[in-house]
Structure formats: structure tokens, C-alpha cells
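Worksheet: the structure to be examined is printed underneath.
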Amino acid sequence: MLEEVTHHHRPETPRRDRRRYGAWLRGRLAHLPWKVFLSREVLSVFGVLAAIVLVLAVATALAEPGPLWKSVYLPLLDIFTMGDPATDESPARRVLQLVAGFVGLAVLPLVVAATLNATGAFRQASVGHPPADDLRDHIVLVGLGKIGTRVLAQLRTTAHQVVAIERDPHARGVALARELGVPLLLEDAGAPGVLDRARIRQSKSLLVLTRDDGENLDIVMAARESNPRVRVVMRLYPPDRRTRSAACAWTGRGSTGVPRTAGSCAPATGLWVVSTRRGLDFLMTGVQPHPADPRT
């Protein structure tokens with residue numbers, strides 16, 4: 001099956017990457033979604049807070065001339081209710097302290113909410129490891145169950161680049177993907193935009209190894225719409241009559257060659273469907289090999 005998706009040849013095993021821990025750590029930190037802290041919500045809230053501090057600092061400097069740092073420091077203490085009551089100071093200073101206190105009551109909940117939202121978005125986005133923007137000619141692997149984990153481990157012994165997609169964060173292969181540094185999207189591959197984030201348009205192969213036959217067909221059809229030239233290996237197990245019929249119907253509709261005959265959809269205990277430019281080849285295991293592919 002790996003030979004099918006890698007164009008019938010085994011690439012040379014690359015040398016082990018012996019980067020130091022510092023280089024590895026910099027690479028991991030570079031993929032973290034730091035941009036969530038620069039979202040429009042966060043920038044708006046902190047921009048309003050900075051503008052208020054600036055106005056209060058100017059007013060404090062006019063009311064009580066002094067060092068610039070003191071004009072900024074006192075309003076900050078008043079906004080965060082950390083300063084002492086200005087009972088022994090000028091009336092202007094007492095008024096400014098009251099204004100800063102009311103402003104703090106109105107703005108601080110927004111600051112806390114924006115910070116918590118950004119932190120939650122950062123944690124959720126950092127669980128995955130999106131691929132680089134310049135990645136191409138890679139293999140997209142959907143499903144990190146038992147079979148997907150073994151396929152991922154095998155692919156990482158070769159020179160092929162892999163992008164994994166798995167919606168279950170507790171799946172068997174998620175830990176392996178993180179350990180190997182494989183780009184990982186913890187999302188539903190059938191959801192809109194997920195395959196695009198995996199750069200399916202620039203990929204050369206797609207392996208769909210989930211347990212849901214109908215979902216596998218949907219993912220393959222969506223991938224072929226985005227990238228008609230992508231080479232696909234799809235898992236159908238157990239291959240019931242309805243799924244085989246749907247796969248055969250999709251073969252005749254989406255391929256440029258001659259559709260497979262009914263004999264190509266004979267029952268089997270395991271069924272691999274390999275999509276090529278000429279259509280779909282059924283690589284069956286458990287009963288008999290496909291007549292057009294004696295290797296199985």
C-alpha cells in the first residue's frame with residue numbers, strides 16, 4: 001500500500017536529524033500560534049486601555065507637574081486600584097483618582113476577558129502543528145488509529161514529508177506524530193477548509209485511513225475536487241455491498257479511464273482502493289488479488 005502512494009518505489013532512508021535541543025525548541029516555538037495575541041479583539045481592548053492611561057497621564061502632569069514616569073505610574077495604580085487614597089493631595093488629584101477608579105471598573109473586565117479568550121485560543125491552536133506555508137509534494141495522512149500509526153511510523157523512515165489529520169486528540173498516533181515533529185491538524189478532515197489547511201492542493205498523495213467508509217469516500221471526493229491529480233489510497237473495511245457500489249460508481253464518474261467491472265467489487269475481508277489518474281484500483285486482501293494487480 002505504501003508503494004502505491006509513493007509511486008511504486010521505496011525512497012532511500014534519510015539520515016537521522018541530530019539537531020540540538022536548542023534548535024528543536026526554536027522550531028517548536030516557531031510553530032506556536034503567537035498571532036492569537038495580536039487578534040483584533042486583544043488589540044482593541046489594550047489600545048483603549050493605553051489611550052485612557054495616556055489621557056490620565058497628561059491630566060496628572062498638568063494637575064501636578066513632576067517626572068514623566070510619575071504621571072504615568074499614578075494613573076496605572078488608580079486604574080488597577082492599587083494606590084493609596086489621595087486624601088492629603090490636591091482636589092484635582094483626588095478627582096483624577098476617582099475618574100481612574102471608575103474607568104478601571106469598566107475596562108478591567110474587558111481586559112481580563114480578552115486575555116482569557118486569547119489564552120484559550122492559543123492553547124487550542126497549539127495542540128496541533130500546522131504545516132509550513134511553503135510545504136509541497138507531501139503526503140496527507142487522515143486517521144491516526146492503529147493502521148494510521150503504523151503507516152506514519154513507516155513513512156517517517158523514508159524521505160517523504162507527511163501532514164497528519166486526526167480529530168481525536170487521544171488517538172493512538174497523536175503522541176507519535178508530536179514526537180516525530182510531524183505537522184498535525186486535530187480537526188475533522190471532512191470539515192470545510194481542513195484539507196486546504198493541510199495543503200492538499202500542493203500534496204502528491206492522500207491516505208484516508210479512518211474507520212468510517214462513508215466518511216472516507218467524502219474526504220476522497222473533496223480532496224479530488226481540490227487536487228484532481230492527487231494520488232489517493234482509501235481504506236474500506238469491512239467493505240459492504242453499499243460501500244463497494246458507491247466506490248465503483250464514484251470510479252466511473254470521476255475517472256478519465258474505463259470504469260471497473262462488477263468483478264472488481266467482489267467481497268473481501270479487507271479492501272484498499274487506490275485512486276490513480278486512470279481511476280480506482282481495488283487492492284483486496286483476504287480472498288483473492290485483483291486481476292489487474294497481481295502484486296496483491
Side-chain angles (χ1 to χ4, degrees), residues 19-134 166-170 174-175 177-179 181 183-188 191-194 196-198:
R19 295 180 302 174
R20 295 181 179 179
Y21 177 77
W24 175 85
L25 182 60
R26 287 193 298 269
R28 296 292 294 178
L29 292 177
H31 287 90
L32 291 177
W34 301 108
K35 293 183 180 179
V36 298
F37 293 107
L38 300 178
S39 63
R40 181 179 302 179
E41 177 187 14
V42 174
L43 293 179
S44 299
V45 171
F46 281 92
V48 170
L49 178 61
I52 293 174
V53 171
L54 179 61
V55 172
L56 292 176
V58 172
T60 302
L62 294 176
E64 295 185 356
L68 179 61
W69 67 268
K70 186 177 181 180
S71 299
V72 177
Y73 179 69
L74 290 178
L76 285 175
L77 290 180
D78 296 335
I79 289 175
F80 291 100
T81 63
M82 299 172 60
D84 295 329
T87 55
D88 299 332
E89 301 185 27
S90 64
R93 172 75 184 98
R94 292 198 293 268
V95 171
L96 288 176
Q97 188 177 56
L98 290 175
V99 172
F102 283 112
V103 169
L105 291 177
V107 175
L108 287 182
L110 298 178
V111 173
V112 174
T115 304
L116 291 178
N117 290 340
T119 304
F122 178 82
R123 292 181 59 184
Q124 183 177 2
S126 61
V127 172
H129 180 188
D133 294 335
D134 58 350
E166 173 58 56
R167 62 184 176 184
D168 183 8
H170 303 291
V174 171
R178 291 172 177 169
E179 179 182 352
L184 173 64
L185 298 178
L186 289 176
E187 302 180 66
D188 186 357
V194 176
D196 292 335
R197 285 194 287 274

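Not one N or O on the side chain of R93 forms a donor-acceptor pair closer than 3.5 Å with the backbone of A63.
With rounding to the nearest 0.5 Å, the separation of CG in L74 from CD in E64 is 7.5 Å. Within the model, atoms CG of D84 and CG of D78 stand 10.0 Å from one another, a figure rounded to the nearest 0.5 Å. Rounded to the nearest 0.5 Å, atoms CG (L77) and NZ (K70) are 11.0 Å apart. Here the CZ atom belonging to F46 is positioned 4.0 Å from the OG1 atom belonging to T115, to the nearest 0.5 angstrom. Separation of atoms OG1 (T60) and CD (Q97) is listed at 10.0 Å; rounding is to 0.5 Å.
For the pair D168 and L186, the tightest heavy-atom approach, listed with the atom from each and the gap, is O-CD2, 4.3 Å. When all heavy atoms are compared, the tightest approach of A198 to L185 is N-CD1, 3.7 Å. A pairwise comparison of heavy atoms in R197 and P131 identifies O-CG, 3.3 Å as the closest pair. Across every non-hydrogen atom of R94 and T87, the tightest pair is NH1-O, 3.5 Å. Heavy-atom minimum distance, F37 versus V42: O-CG1, 3.3 Å.
Of the candidates V53, I52, V58, L56 forms a side-chain contact (heavy atoms from CB on, under 4.5 Å) with just one, namely I52.
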Please report the C-alpha distance between V45 and L49 in whole Å, then the side-chain angles of each, then the deciding distance to 0.1 Å, and finally whether the side chain to side chain contact (heavy atoms under 4.5 Å, CB included) criterion is met.
CA-CA 6 Å; V45 171; L49 178 61; 5.7 Å; no
